[in-house]
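Have a look at the structure below, then the notes.
Counting convention: from 1, in listed order, for ligands and their atoms alike. All values derive from a computational prediction rather than experimental measurement.
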Amino acid sequence: MQVFKFGGASVKDADSVKNIATVLKKTGFTNKLIVISAMGKTTNALENVIHAYFNDSTKVTDTIETCLDYHLDIISILFPKGHAIFETVHTLFKQLGNFLELNKSPNYDFVYDQVICYGELTSTHIVSAFLSENNIKNQWIDARELIKTDANYRDAHVDWETTKKNIQDTIQKEGLFVTQGFVASEGNNFTTTLGREGSDYTGAIFAYCLNAENLTIWKDVPGVLNGDPRVFKNTKLLKRISYNEAIEMAFYGASVIHPKTLQPLQRKEIPLYVKSFITPENPGTYIGKGIQLDPMVACFIVKKNQILISLSSIDFSFIMEENISDIFNLLHIYKMKVTMMQNSAISFSVCIENKFNTLEPLLKKLRATYKVRWNEGVTLLTARHASPNEMNLLLHGRKVLLKQENRTVTQYVLKEE
Ligand code: ASP
Ligand code: MG
């Protein structure tokens, strides 16, 4: 069994959907499970629906319509008039509207997941129907029936035992299966999601549970590059990298792979390929166990919109293990992701990501015990295998707020002008 993951960019319009069929024709379509994200920027568009629902309910209908029209435009190019897919798509958006009309829960994260899943539900119905139209027999699977999680909406944790059983019972070899990335469900069958950009992780979950031969993530770039081409000039394709290298790069913000993806793969040593859906015959990047980075070049990862918090004791007392453990407990409670930290006798600095909009209550708690300073909108720059010369060129004229270094990695928190 092989697992393919196609992200939003690979289903963003009618031509892209046609291209999926082309990729499958070139690579074979038996013994394969394909995981698909919402089309283009649909997830953001659905976030607008959720925003409207909570903040300005007069806009709910319009925001839903915008999203529906985008899909209708695509399917009217792909399918003949009167094809059953039109009814399917209308029904899905009707269900979404009905949910919001009937919903009584004030829980933002819960509502978010019940709404946001329609992006993936719609895209997979469209791709599955399009493949069938083109005589590529396939089975549409509701990933929510297989991937079970806790009820931690928007960032749910997988129940591996149940998930593995469900997947192995349902997905039999031989066929072609089409399913959604990102979505899952909790014990009461309400929809949960695995975190933004979580479809890669879904690919890894299926690959792990199916003992797949490999997982391929299809992208609009040639593979994993040594820097984001939107930020750096003259980027190079990394042909071969180790799980370790990939996991470090993903964790610090290389958006090409979702950070959670590598762990299940490396546990079973399932190779990961990152390839271009535009040139599927090219080898792309191969990620596996203990591989020497090839080519051996410096890799740069930029993560914007971080927050640097610096704490110092009010009364000049030391910041000790006990304080640090209290601080981390708060970071955990407010779901802050820590990307760098440093301490001295009477101060502690931590760079965090405010994914869940919880900065205010966190600061309030911290102020009760510490003198607190913070900078919002800072950038975390992580450089791997970079020479001092390369670093100097990169940092030229930029204001460094914090620096940390070991033999392989140098990290900087930079102030944006
Ligand atoms: N559609 C979801 C998102 O945009 C999941 C994904 O694309 O991986 O975050
Ligand atoms: Mg995406």
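The OG1 atom of Thr66 sits 12.0 Å away from the NE2 atom of His71 when rounded to the nearest 0.5 Å. Within the model, atoms OG of Ser242 and CD of Glu245 stand 5.5 Å from one another, a figure rounded to the nearest 0.5 Å.
Those atoms of ligand 1 with a heavy atom of Ser199 less than 4.0 angstrom away are 5 (C), 6 (C), 7 (O), 8 (O). Counting atoms of ligand 1 from 1 in the listed order, those under 4.0 Å from a heavy atom of Phe182 are 2 (C), 5 (C). Per-residue contacts place Thr43 under 4.0 angstrom from the following atoms of ligand 1 (heavy atoms of the residue considered): 1 (N), 2 (C), 3 (C), 4 (O). Near Arg196, the atoms of ligand 1 lying under 4.0 angstrom from a non-hydrogen atom of the residue are 3 (C), 4 (O), 9 (O).
The aromatic rings of Phe190 and Phe110 sit perpendicular, their planes meeting at an angle over 60°, well past the 30° parallel limit. Classification of the Phe6-Trp218 ring pair by plane angle, with boundaries at 30° and 60°, yields parallel.
Between Lys18 and Asp13, no side-chain nitrogen of the basic residue sits less than 4.0 Å from a carboxylate oxygen of the acidic one, so the salt-bridge criterion is not met. Between Lys5 and Asp200 there is a salt bridge, since a side-chain N of the basic residue sits under 4.0 Å from a carboxylate O of the acidic one.
Within the structure, ligand 1 lacks Lys41 among the residues with a heavy atom less than 4.0 angstrom away. In this structure, Gly198 is part of the shell of residues with a heavy atom less than 4.0 angstrom from ligand 1.
Residue contacts with ligand 1: Asp200 is placed with no nitrogen or oxygen under 3.5 Å of a nitrogen or oxygen of the ligand (distance criterion only). Between Lys5 and ligand 1, not a single N/O pair is under 3.5 Å apart.
Counting heavy atoms closer than 4.0 Å to ligand 1, residue His258 contributes nothing at all. Residue contacts with ligand 1, taken as heavy atom pairs separated by less than 4.0 Å, involve Ser37 solely via side-chain atoms from C-beta onward.
For Tyr334 and Asn354, the side-chain atoms include no donor-acceptor pair closer than 3.5 Å.
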